[in-house]
2 protein chains.
Amino acid sequence: MPSLRTRLCPIRRGSHIVHGSCSGFKAHVAQRTVKTLLPDFTHKRVLDLGCGYGWHCKYASASGASYVLGTDISHKMLERAEKINAGSGIEYRCIAMEDLRFPDETFDVVLSSLAFHYVRDFVPLVHNISRWIKHGGEFVFSVEHPVFTSYGTQDWYYDEDGEILHFPVDHYYDEGKREAVFLGETVVKYHRTLTTYLNTVLQNEFEIRHIVEPQPPDSMLGLPGMQDEMRRPMMLLVSAIKSITP
Amino acid sequence: MPSLRTRLCPIRRGSHIVHGSCSGFKAHVAQRTVKTLLPDFTHKRVLDLGCGYGWHCKYASASGASYVLGTDISHKMLERAEKINAGSGIEYRCIAMEDLRFPDETFDVVLSSLAFHYVRDFVPLVHNISRWIKHGGEFVFSVEHPVFTSYGTQDWYYDEDGEILHFPVDHYYDEGKREAVFLGETVVKYHRTLTTYLNTVLQNEFEIRHIVEPQPPDSMLGLPGMQDEMRRPMMLLVSAIKSITP
């Protein structure tokens with residue numbers, strides 16, 4: 001349910017639930033931190049898996065990409081993407097990333113921002129992504145951190161007064177479905193270990209260049225709830241390059 | 001305090017503390033899982049940082065290494081290493097790894113098993129290790145997992161009846177000293193994030209080959225407390241190769 005993507009992280013202070021600071025951090029990471037890992041897009045063919053509103057598609061196009069394909073399973077998000085992030089050489093397609101098919105070496109760059117944890121089968125997907133990328137091409141993605149997804153509720157553990165005690169980790173090696181009830185709706189995600197995320201990349205002809213667990217910049221630490229973001233990792237960013245020779 | 005290394009992980013069942021199952025898992029990882037990441041030692045010059053009783057030194061020598069230097073700060077462990085793991089071409093030296101000095105490209109392989117989390121300054125150490133390794137040489141190490149070291153107590157969070165609820169994570173981005181009181185003794189370790197461990201390696205001319213968060217093999221899951229080892233990661237293993245060209 002990608003439409004829930006932007007409002008998945010409640011921060012409870014005492015007995016109150018405050019939304020916004022956490023999604024503000026996610027937006028910061030999606031729009032700023034990720035950019036530090038992105039390659040030069042000049043004349044590149046780019047695929048953005050789970051593109052949502054198309055921010056990165058627009059950014060890649062504005063940065064010189066010759067062709068950008070954004071895919072998502074949310075019609076609503078893609079409708080909005082077509083409105084606010086249209087551009088020369090940008091195409092949006094409503095399809096599950098697991099159903100995509102391309103000839104080998106179709107793209108120079110494959111991106112995905114906070115979408116892979118909605119996908120059940122990561123290994124065949126990365127196998128496909130590796131085939132679709134040219135040798136020497138780049139693969140940059142972010143996911144919710146295994147620490148954040150392992151327990152399932154994606155919430156802090158509180159004392160009787162509603163104060164945060166710590167963040168719980170459990171069932172770490174039990175990969176698979178997690179269901180968090182959020183604002184009355186059940187959100188399904190898939191937990192996998194760090195080993196699975198990183199070794200799957202390494203085993204598919206990629207060389208890892210950067211691994212980042214983003215933390216809020218000093219300029220955001222005054223926002224409500226933001227200090228708590230220093231207490232556990234919520235996201236994991238990875239950039240990798242496909243081996244130059246076959 | 002490396003002499004505490006083998007007995008650092010209590011597993012409490014109800015109100016009882018049971019030692020041994022966890023250190024059994026650590027020993028399994030140190031003696032078996034690590035081996036799956038080790039290179040061919042034939043005619044290699046090997047450095048083992050924090051070698052303890054010298055298991056890996058003996059293994060490297062028996063596997064064909066031409067020279068093996070094991071270093072540790074524990075006289076007692078090295079005395080025992082000299083007795084039980086002596087061998088042709090093996091040398092043991094009592095010195096802190098931060099104080100070691102070698103010419104560039106002295107070794108083909110540098111190993112370290114569960115010792116770096118006792119070291120305060122990781123970045124200059126990895127910088128040195130990179131210099132000491134020949135181009136194309138290998139760096140294989142294990143550490144306590146950032147999930148395991150972040151909170152500080154290295155213990156589960158229990159309910160009123162002493163049953164495990166989950167494992168707590170807190171202060172994740174606050175890298176530095178952690179003190180756990182264990183059997184009446186204070187053990188000092190240093191927590192650092194996954195980002196610091198892996199990016200420091202990546203930024204020092206290494207290409208990461210494998211990342212493993214070891215879990216108990218099926219054959220050990222019947223041992224007391226071992227099922228709990230499936231609930232959170234305790235160790236992180238990394239193998240890397242130094243870039244072939246300068």
Side-chain angles (χ1 to χ4, degrees), chain A residues 33 37 145-148 150-153 155-159 164-175 192-203 206-218 221 226-241 243, chain B residues 33 37 145-148 150-153 155-159 164-175 192-203 206-218 221 226-241 243:
Chain A
T33 316
L37 301 186
H145 198 290
V147 165
F148 191 62
S150 72
Y151 190 85
T153 58
D155 199 359
W156 300 94
Y157 193 76
Y158 302 91
D159 69 11
I164 292 172
L165 287 176
H166 52 254
F167 196 82
V169 166
D170 208 344
H171 324 296
Y172 186 80
Y173 292 105
D174 180 17
E175 298 190 318
R192 45 188 71 95
T193 65
L194 186 81
T195 299
T196 294
Y197 276 122
L198 300 182
N199 258 352
T200 303
V201 171
L202 291 171
Q203 286 163 4
F206 289 109
E207 180 184 330
I208 290 177
R209 288 293 171 93
H210 295 93
I211 295 165
V212 181
E213 296 158 298
Q215 59 190 83
D218 289 348
L221 287 177
M226 203 57 74
Q227 291 283 349
D228 297 329
E229 295 303 318
M230 300 295 286
R231 300 177 66 171
R232 54 101 182 89
M234 189 172 64
M235 287 169 273
L236 177 71
L237 270 69
V238 178
S239 74
I241 187 165
S243 64
Chain B
T33 316
L37 301 185
H145 198 290
V147 165
F148 192 63
S150 72
Y151 190 84
T153 58
D155 200 0
W156 300 94
Y157 193 76
Y158 302 91
D159 69 12
I164 292 172
L165 287 177
H166 52 256
F167 197 82
V169 166
D170 208 345
H171 324 296
Y172 186 79
Y173 292 105
D174 180 17
E175 297 190 318
R192 46 187 70 94
T193 65
L194 185 81
T195 299
T196 295
Y197 276 122
L198 300 183
N199 259 351
T200 303
V201 171
L202 291 171
Q203 286 163 4
F206 289 109
E207 180 184 329
I208 290 176
R209 288 294 172 94
H210 295 94
I211 294 164
V212 181
E213 297 158 297
Q215 59 190 84
D218 289 347
L221 287 177
M226 203 57 74
Q227 291 282 351
D228 297 329
E229 295 302 318
M230 299 295 286
R231 300 177 65 172
R232 55 99 184 89
M234 190 172 64
M235 286 169 275
L236 177 71
L237 270 69
V238 178
S239 74
I241 186 165
S243 64

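A, B, ... follow the sequence lines: proteins, then strands. Residue 1 opens every chain. The model shown is predicted, which means the values in this text are computed figures rather than measured ones.
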Fill in: Residue of the set Glu229(B), Glu213(B), Arg231(B) for which side chain to side chain contact (heavy atoms under 4.5 Å, CB included) holds with Tyr173(A)
Glu213(B)
Discussion item. What part of Thr193(B) gets within 4.5 angstrom of chain A, counting heavy atoms only: side chain, backbone, both, or neither?
Written reply: both
Worksheet item: Do other residues, nucleotides or ligands put more than 12 heavy atoms under 6.0 Å from His171(B) NE2?
Response: yes
Item to complete: Give a yes or no on whether Asp218(A) atom CG has more than 12 heavy-atom contacts from other residues, nucleotides or ligands under 6.0 Å away.
Response: no
Item to complete: Please name the pair of heavy atoms, one in Leu165(B) and one in Asp170(A), separated by the smallest distance, quoted to 0.1 Å.
Response: O-OD2, 3.2 Å
Worksheet item: What option among Val212(B), Ile208(B), Leu194(B) has the most heavy-atom pairs under 4.5 Å with chain A?
Response: Leu194(B)
Discussion item. Quick check on Phe167(B) against chain A: is it the side chain, the backbone, both or neither that has a heavy atom closer than 4.5 Å?
Written reply: both
Worksheet item: Nearest 0.5 Å, what's the CG-CZ distance between Leu202(B) and Arg209(A)?
Response: 9.5 Å
Fill in: Interface moiety of Val147(B) toward chain A, non-hydrogen atoms closer than 4.5 Å
side chain
Discussion item. Need one label for Leu237(B): side chain, backbone, both or neither, based on atoms under 4.5 Å from any heavy atom in chain A.
Written reply: neither
